[in-house]
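Structure, as structure tokens:
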Amino acid sequence: MTLPLSHPALSTTDPELAALVGAEEQLQSETLRLIPSENYVSQAVLEASGTVLQNKYSEGYAGRRYYEGQQNIDQVERLAVARAKSLFGVEHANVQPYSGSPANLAVYLAFAEPGDTVMGMALPMGGHLTHGWGVSATGKWFRGVQYGVRQDTGLIDFDEVRELALKERPKVIFCGGTALPRTIDFAAFAEIAREAGAVLVADVAHIAGLIAGGAHPSPVPHVDVVSTTTHKTLRGPRGAMLMSREEHAKAIDKAVFPGLQGGPHNQTTAAIAVALHEAAQPSFRDYAAQVVANAKALAEALLARGFDLVSGGTDNHLILMDLTSKDVPGKVAAKALDRAGIVVNYNTVPYDPRKPFDPSGIRIGTPSLTSRGLGTEHMAAVAAWIDRGVTAAGKGDEDELAAVRAEVADLMAAHPAPGLPA
Ligand code: DSN
């Protein structure tokens, strides 16, 4: 399959780079993308992120900049902020963080001092590097204490969270993560944070689109700060936002700029505004509900094929598969599935006896396939391909992987992806 040339100026100026972009378009078009933190942005989001807004420096905030010529940029940022506030029902939104990790760093800068105790979910349990994990600056510059999930249920152990919080008295508690297949009980975290006197931050990067679309409860009534990237289920450009009540607005804004960052990426701010506009449409609610319905159907189909799923299934967009019983390491499975046109990532599972770079699991999710229009009726086929891919990985059966790849490409051809040349 050769996609039409869609970047004439780039192709003329830099054919080598244009060829790489074209190859990536082809790859994203032909493959079944199951990485739960990825998606396909709309053509409108793509166009906004490729505009001349890119050419402008705008350090500061709308109406209070350090550079002139902000007549349009101020309006772009105000639009993005207003849309974020309206969509998530928050009093304050900062749309300038470059991505999720800088957004979380800004939270620490706003609410903690170096050396303070902070608390979050351990990375191998499903948390995030920036929630105080040792190899991250947040675990080096702060004293990170970490909670996890119960080994028998795969669910967050709130007794452990409470005990740890009351013993360690962290300044900041993060809830949310990167490999949590179940609904997050923000109210339970809020009660614990109140008891411990901690600032509670919900990192909803993975589920922001589900929250906006009404398919996951909102943290807003319960937490002090909401941190999110904009490019996962929310289906915007690669960026981030911090949201809060008005009382924290000043501290957050000061931490993002001048505390941590220079000029905002205005082309990204514009694309965030577009994505938030899209997320406010009724069709986005359908998309969010479908992401969850697809994940549940896929989980059921995988369970029926004998796969072990952490926590026994999913409530959201994400499924964490433990391949121990299949005797195929996660990395071997992920690489074989990639050759079969099914893109996943290898991932630790809670209490994983294997190393993070060679763990026992794979992590999959349904945002991208939902954005291509796949429904619950397709999930049995997706589970069958994963099953065949994992089995072929164990046997080193490259012919079977090639056969799956051809079948996947056929289904993908029937479901063009948003933002890609048809
Ligand atoms: N890299 C993101 C993910 O894949 O979940 C987290 O930052």
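Whatever order the structure lists them in is the order used to number ligands and atoms, beginning at 1.
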Kindly list each side-chain donor-acceptor pair under 3.5 angstrom involving residues 298-310, sequence neighbours excluded, with atom names and distances?
unit_1 : atom_1 : unit_2 : atom_2 : d
R305   : NH1    : D387   : OD2    : 2.9
D308   : OD2    : S325   : OG     : 3.0

### Query
So which heavy atom on A198 is nearest to which on P170, and how close?
CB-O, 3.2 Å
### Query
Can you name the nearest heavy-atom pair linking V344 to I364, along with the distance?
CG1-CG2, 3.5 Å
Pick out the protein N or O atoms lying less than 3.5 Å from any N or O of ligand 1, and list each pair with its distance.
unit_1   : atom_1 : unit_2 : atom_2 : d
ligand 1 : 4 (O)  : S37    : OG     : 2.6
ligand 1 : 4 (O)  : R363   : NH2    : 2.8
ligand 1 : 5 (O)  : H206   : NE2    : 2.7
ligand 1 : 5 (O)  : R363   : NH1    : 2.9
ligand 1 : 7 (O)  : H128   : NE2    : 2.9

### Query
T366 and N294: side-chain donor and acceptor closer than 3.5 Å?
no
### Message
Between the side chains of E191 and R162, is the shortest nitrogen-to-carboxylate-oxygen separation below 4.0 Å, so that they form an ion pair?
### Response
yes
### Query
Does a side-chain N-to-carboxylate-O contact under 4.0 Å join E168 and R143?
yes
